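Both counts, for ligands and for their atoms, begin at 1 and track the order of listing. Please read these numbers as outputs of a predicted model, since none were measured by experiment.
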Amino acid sequence: MWREALTRSNLAEVDMSETDVVIIGAGHNGLTCAAYLGMAGLRVTVVERRGVVGGAAVTEEFHPGFRNSVAAYTVSLLNPRIISDLKLHDHGLKIVERRAQNFLPAPDGSYLLTGEGRTRQSLAKLSERDANRIDAFNRELEVIADVLRAFVLRAPPNLVEGFGAGAVREAFNALGTANILRRLSLDQQRSLLDLFTRSAGEILDERFETDLVKALYGFDAIVGNYASPYAAGSAYVMLHHAFGEVNGKKGVWGHAIGGMGAITQAMASAARGHGADIKLGAGVREVVVERDRAAGIILDSGETIRAKYVVSGVNPKLLYTRLVPADALPPAFLARIGNWRNASGTFRMNVALSTLPSFAALPGPGDHLSAGIIIGPSLGYMDRAWHDARAQGWSREPVIEVLIPSMLDDTLCPSDQHVASLFCQHVAPQLPDGQSWDDHRDEVGDLMIATVDKYAPGFAASVIGRQMLSPLDLERQFGLLGGDIFHGALTLNQLFSARPMLGHADYRGPLKGLYHCGSGAHPGGGVTGAPGHNAARVILSDHRKLFKAGV
Ligand SMILES: Cc1cc2nc3c(=O)[nH]c(=O)nc-3n(C[C@H](O)[C@H](O)[C@H](O)COP(=O)(O)OP(=O)(O)OC[C@H]3O[C@@H](n4cnc5c(N)ncnc54)[C@H](O)[C@@H]3O)c2cc1C
């Protein structure tokens with residue numbers, strides 16, 4: 001119906017368009033946006049610089065016969081509504097739960113093993129007091145995580161100047177937001193304020209006495225967050241990792257059979273099924289701006305694709321400092337986005353293993369090997385890791401999550417062998433004294449393997465192949481500036497109504513016809529699909545208005 005309407009348009013730019021929408025980047029958010037827009041009848045073209053879809057959610061062979069998720073490696077945040085709307089299960093997606101959630105070995109031989117029916121008993125061996133407190137803490141987190149869930153699939157209130165239609169729309173949005181918050185008791189609102197502003201370290205020290213249980217939550221506060229667990233705002237990052245679910249179970253993490261690429265392959269299949277054209281090996285060189293309006297894109301090949309709506313799935317700083325001509329942007333906007341903070345402090349490895357690791361704290365095989373294994377036994381250890389990385393580029397004792405997806409998935413490698421993801425923190429996005437990651441990748445990769453080996457002797461000897469991605473590699477390979485896994489740090493000044501900037505939290509950029517659908521928009525990073533979903537809704541609403549306005 002809309003397409004028919006467009007052909008009757010008297011708007012010159014509509015008549016000249018080759019497509020209704022061009023989406024920059026086939027990351028999972030670009031694909032989600034494409035699928036929703038295609039479903040609504042728009043003609044969608046997605047242009048992706050790499051030769052595969054998926055962005056940071058991809059599966060690739062990294063050693064002959066061994067495949068694994070290259071960057072993102074574990075699933076929870078992917079929104080159930082998006083799974084259902086896009087019928088991702090019909091497109092081949094299968095997500096399974098880990099048999100145990102987390103395993104934290106300590107150097108003294110003690111450990112914590114968490115998961116349904118396990119956490120309390122395991123914690124009680126370390127501290128009866130903490131075991132009696134953990135359920136209450138989980139409930140406190142869960143109430144606030146539910147608030148986040150209520151906000152995930154809606155645009156946050158956007159700040160607008162003046163009293164026009166936009167101001168009225170945002171006033172209603174602010175009322176809706178207030179209504180969600182009003183459901184909380186006063187005490188819960190205090191808890192929300194704490195979790196949005198304080199450090200995870202302080203909150204955890206107040207609740208618990210055992211290092212391992214603090215480290216369990218503390219890991220979520222520093223993962224992808226180049227900061228100490230004692231940094232203000234780190235409690236929010238902890239919460240950000242708690243709003244997900246797997247197959248209806250809240251707060252649980254799982255595995256996509258075939259790796260994270262299975263999610264984006266299913267999304268691409270859904271988008272194509274709704275008519276989207278996905279062009280691979282098609283990097284965007286420039287966004288075409290005409291009369292203050294985004295009118296299309298120019299590819300690296302020189303080809304121009306004109307479109308009524310240009311939607312960006314890339315990091316906002318990349319979009320505005322490299323792809324949109326500087327003279328098309330308000331100088332104040334350009335100056336501010338130039339200061340967008342990108343810094344995750346992560347180093348990502350995949351290893352092919354001849355055999356399963358055996359941990360000194362809990363030797364031999366078992367369900368704990370299907371868990372997220374956290375090497376980082378205390379908040380003090382995590383704090384030192386950050387200080388080290390700030391001072392010398394990487395931690396002497398890094399924090400590592402080891403995940404062995406082949407414990408749950410036999411499609412990744414030969415049946416008698418295994419693959420493991422190592423997600424390592426902290427490393428400096430840029431090394432001190434002008435040093436390059438190209439000169440230190442191997443040395444840091446060796447350190448990561450040696451660190452796991454301290455807890456699981458023999459691990460280093462079992463490594464028969466490895467892939468390493470420093471922050472510089474993440475930037476080169478995926479366009480993740482500074483290696484930032486979230487397209488911009490999850491700090492209070494870059495969240496909610498301020499993501500990517502006050503005045504642009506509604507997925508609309510500073511030029512007409514330009515939209516944001518990537519993780520640099522609310523609700524931020526993680527394989528959620530939410531920014532893609534929310535951007536599609538805003539684009540469709542603008543499209544309908546155009547239709548009503550005399551088309
Ligand atoms: C190492 C690592 C580990 C992570 N672990 C997890 C995890 O376990 N679980 C989780 O939920 N999240 C995880 N994340 C975060 C999550 O993967 C990202 O937040 C999310 O995938 C980003 O999706 P996106 O679609 O917004 O952007 P991206 O996936 O970054 O997609 C953007 C796309 O744009 C393309 N592009 C860039 N420039 C251009 C251009 N000029 N022209 C055309 N295309 C371009 C890129 O190639 C890319 O395909 C991790 C991320 C990393 C890097």
Side-chain angles (χ1 to χ4, degrees), residues 22-34 46-58 69-79 220 223-224 240-241 243-244 246 253-256 259-261 263-264 267-268 278-287 297-301 305 311-319 322-324 344-350 372 401 403 405 421-425 427 467-471 473-488 490 516-521 523-532 535:
V22 65
I23 298 180
I24 307 172
H28 84 283
N29 278 311
L31 295 170
T32 300
C33 191
V46 183
V47 285
E48 167 56 48
R49 191 173 57 93
R50 299 191 73 214
V52 287
V53 300
V58 277
S69 306
V70 179
Y73 58 102
T74 182
V75 60
S76 173
L77 307 177
L78 183 59
N79 193 273
D220 279 348
V223 72
H240 190 88
H241 287 101
F243 71 66
V246 168
W253 288 82
H255 170 75
M260 298 300 275
I263 298 174
T264 46
M267 287 174 163
I278 303 173
K279 294 185 191 301
L280 299 176
V284 172
R285 186 209 298 165
E286 191 175 317
V287 172
I297 52 99
I298 305 173
L299 294 176
D300 290 335
S301 64
I305 300 176
V311 187
S312 166
V314 304
N315 182 304
K317 186 169 175 179
L318 191 158
L319 172 70
R322 300 192 192 167
L323 303 184
V324 177
S344 272
T346 63
F347 189 98
R348 179 75 172 82
M349 293 182 75
N350 282 310
E401 180 168 43
L403 198 73
S421 303
L422 308 188
F423 197 27
C424 318
Q425 341 273 321
V427 301
Q467 176 183 43
M468 293 171 290
L469 294 165
S470 70
D473 300 315
L474 291 172
E475 174 163 334
R476 280 185 191 140
Q477 202 156 319
F478 300 107
L480 298 169
L481 298 194
D484 195 305
I485 74 167
F486 298 132
H487 288 199
L490 300 180
H516 310 137
C517 76
S519 296
V527 179
T528 65

Can you list the atoms of ligand 1 that are under 4.0 Å from a heavy atom of Gly518?
26 (O)
Report the nearest protein non-hydrogen atom to atom 41 (N) of ligand 1: residue, atom name, distance rounded to 0.1 Å.
Val284 O, 3.1 Å
Return yes if a side-chain donor-acceptor contact under 3.5 Å exists between Ser470 and Asp473, otherwise no.
yes
Can you name the atoms of ligand 1, numbered from 1 with element, that are less than 4.0 Å from a heavy atom of Arg348?
1 (C)
Can Val47 be said to touch ligand 1, with heavy atoms closer than 4.0 Å?
yes
Is it the side chain (CB and beyond), the backbone, both or neither of Arg285 that lies under 4.0 Å from ligand 1, heavy atoms counted?
neither
Does a side-chain N-to-carboxylate-O contact under 4.0 Å join Glu475 and Arg322?
yes
Can you pull out the closest protein heavy atom to atom 19 (O) of ligand 1? Residue, atom name and distance to 0.1 Å, please.
Gly526 N, 2.8 Å
Is the closest side-chain heavy-atom distance between Ser69 and Pro405 below 4.5 Å?
no
Identify the heavy atoms of Thr346 and Gly483 that sit nearest to each other, and give their distance.
OG1-O, 4.2 Å
heavy-atom search around atom 47 (O) of ligand 1 in the protein gives Glu48 OE2, 2.7 Å
Please list the nearest protein heavy atom to atom 23 (O) of ligand 1 with its residue and the distance rounded to 0.1 Å.
His28 ND1, 3.1 Å
For the residue pair Gly525 and Phe486, what are the closest heavy atoms and their distance?
CA-CD2, 3.5 Å
Nearest non-hydrogen protein atom, atom 51 (C) of ligand 1
Ile485 CB, 3.3 Å
For ligand 1, note which part of Leu480 has a heavy atom under 4.0 Å away: side chain, backbone, both or neither.
side chain
Output the list of atoms in ligand 1 that are nearer than 4.0 Å to some heavy atom of Ser519, sorted by atom number.
19 (O), 20 (C), 22 (C), 23 (O), 24 (P), 26 (O)
side-chain contact (heavy atoms from CB on, under 4.5 Å) partner of Ile263, chosen from Leu78, Leu31, Val58
Leu78
Heavy-atom donor-acceptor pair, Ser312 side chain to Leu319 backbone, under 3.5 Å
no
Side chain or backbone, does His487 bring an N or O within less than 3.5 Å of an N or O on ligand 1?
yes
Once the angle between the rings of Tyr73 and Phe423 is folded into 0 to 90°, is it parallel (under 30°), tilted (30 to 60°) or perpendicular (over 60°)?
perpendicular
The protein heavy atom nearest to atom 24 (P) of ligand 1 is Asn29 ND2, 3.6 Å
When distances are taken from atom 31 (O) of ligand 1, the protein heavy atom at minimum range is Gly27 CA, 3.2 Å
Taking 4.0 angstrom as the limit and counting only heavy atoms of Gly25, give me the atoms of ligand 1 inside it, by number and element.
33 (C), 34 (O), 35 (C), 44 (N)
Looking at Thr528, is its backbone amide N or carbonyl O close enough to the side chain of His28 to form a donor-acceptor pair, meaning the two atoms are under 3.5 Å apart?
yes
Which of Leu318, Leu480, Leu481 passes side-chain contact (heavy atoms from CB on, under 4.5 Å) with His487? It is Leu480
Determine whether a donor-acceptor pair (N or O, by modelled atom type, separation under 3.5 Å) exists between the side chain of Asn29 and the backbone of Gly518.
no
Run the numbers for me: atoms of ligand 1, each under 4.0 Å from some heavy atom of Arg50, listed by number.
47 (O)
Near Gly525, which atoms of ligand 1 are under 4.0 Å from a heavy atom of that residue?
19 (O)
Under 4.0 Å from one or more heavy atoms of Val314, ligand 1 contributes atoms 34 (O), 36 (N), 37 (C), 38 (N), 39 (C), 45 (C)
Which residue owns the protein heavy atom closest to atom 13 (C) of ligand 1, what's the atom, and how far is it?
Ala72 CB, 3.4 Å
Considering all heavy atoms of both residues, which atom of Ile278 and which atom of Ala26 are nearest to each other, and what is their separation?
CG2-CB, 4.4 Å
Let me confirm one number: the CD-CD1 distance from Glu48 to Ile23, rounded to the nearest 0.5 Å.
12.0 Å
Going by the order shown, which atoms of ligand 1 are within less than 4.0 Å of some heavy atom of Gly283?
42 (N), 43 (C)
One residue to check: Phe423. Relative to ligand 1, which of side chain, backbone, both or neither has a non-hydrogen atom less than 4.0 Å away?
side chain
Looking only at N/O atoms, are Ala26 and ligand 1 under 3.5 Å apart anywhere?
no
